[in-house]
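Below: the structure, in structure tokens.
Note that the coordinates shown come from a computational prediction; the quantities given were computed from them, not determined experimentally. Each chain gets a letter, A, B and so on, in the order its sequence line appears, and its residues count up from 1. Heavy atoms only: backbone and side chains are in, while hydrogens, waters and symmetry mates are out.
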Amino acid sequence: MVIQTIATPAGWVAAAWSDRGLFALSWPQDDGQAAQAGLQEKLRRWGGGNGGFSLVAEGNGQPFAPVLEKALADYFRGEPVSFDIPVDLSWCTPFQKEILIAIRRIPYGEVRSYREVAAMAGHPRAARAAGTAAGANRTPVVIPCHRVIRKNGELGGFGGGLPLKKFLLALENGKSPR
DNA sequence: TACAGAGCAGTAT
DNA sequence: ATACTGCTCTGTA
């Protein structure tokens, strides 16, 4: 596992890479230390134990690290970005994997309801389960779980906090920064 | 409009 | 075994 810290227009983001791709991503923080510490805390919780990480400032050994870095910079500048990098979904259950993959197919700037996402994944009745699966997402933004909202137009929930969900949607609607 | 009840998959008690 | 989730649909009144 390799940890990378990235400066974006929205703050510092920490990324964890496994040999299968991007494993986890933190939310933007005020400083790189905080982002990294927060991500490691999560990794420890998920990994059960201390899991051996090697800290690396610039993701050496991970060919997609520079790609992620540029994509995040562009994204938080308000540009339409497709995160074309491998994501490690080996930690999730088959259902979660299906849901997260479906979410990944939602185009930039668009939204889908929890039910639509569930249907895309082949489980038309599992709207609620889709919600909990979305909440389990470890690579926010790259897997755009913020583009999933309620069918009645309400935002629904969000692991990173609803204000953040709102911000991301506004950003993708071009009503933000630039 | 309001409120049960059911189906759904995971996680936490 | 239960309870609670980032939900939504079908009654019932």
What's A/Ala126 touching, base or sugar-phosphate or nothing? Going by heavy atoms closer than 4.0 Å. sugar-phosphate

Starting at CE of A/Met120 and ending at P of B/dC8, how long is that distance when rounded to a whole Å? 19 Å

A/Arg128 CZ to C/dC4 P, in whole Å, measures 10 Å

OP1 or OP2 of B/dG10 less than 4.0 angstrom from a side-chain nitrogen or oxygen of A/Thr93, does that happen here? yes

Return the value, rounded to whole Å, for the distance between atom CD of A/Glu154 and atom C1' of C/dG6. 12 Å

Can you tell me which nucleotide in C/dC7, C/dG6, B/dG10 comes closest to the side chain of A/Arg150? C/dC7

Which nucleotide, in any strand shown, forms a Watson-Crick or G-U wobble pair with C/dC9, with both distances under 3.5 Å? B/dG5

Let me know, please, whether A/Ala136 or A/Ala127 comes out on the 5' side of the other along DNA chain B by nearest nucleotide. A/Ala127

Distance alone, cut at 3.5 Å: any donor-acceptor contact between the side chains of A/Ser90 and A/Asp88? yes

Can we say A/Glu172 and A/Arg147 salt-bridge, meaning some charged N sits less than 4.0 Å from an Asp/Glu carboxylate O? yes

To the nearest Å, how far apart are A/Phe158 CZ and C/dT5 P? 18 Å

Rounded to whole angstroms, how far apart are CZ on A/Arg45 and P on B/dA12? 8 Å

Pairwise C1' distance, C/dG6 and B/dA2 [rounded to whole Å]: 23 Å

Along DNA chain C (nearest heavy atom to each residue), the more 5'-positioned of A/Lys151 and A/Ala134: A/Ala134

Over all atoms of both residues, closest heavy-atom pair of A/Arg112 and A/Pro107: NH2-CD, 3.8 Å

Rounding to an integer number of Å, can you tell me how far A/Trp91 CH2 sits from B/dT11 C1'? 13 Å

What do you reckon, are the aromatic ring centroids of A/Trp27 and A/Phe167 less than 6.0 Å apart? no

Indicate the atoms forming the closest heavy-atom contact of A/Ala127 with A/Tyr114, along with that distance. O-CB, 3.8 Å

For the side chain of A/His123, starting at C-beta, report the closest nucleotide among B/dG7, B/dA9, C/dG6. B/dA9

Return the value, rounded to whole Å, for the distance between atom CD1 of A/Ile149 and atom P of C/dT8. 9 Å

Round to a whole Å and report the spacing from CD1 of A/Ile99 to C1' of C/dT5. 15 Å

Looking at every strand, decide which applies to A/Tyr114 at a 4.0 Å heavy-atom threshold: base, sugar-phosphate, or nothing. base

Base, sugar-phosphate or nothing for A/Arg115? Non-hydrogen atoms, less than 4.0 Å. sugar-phosphate

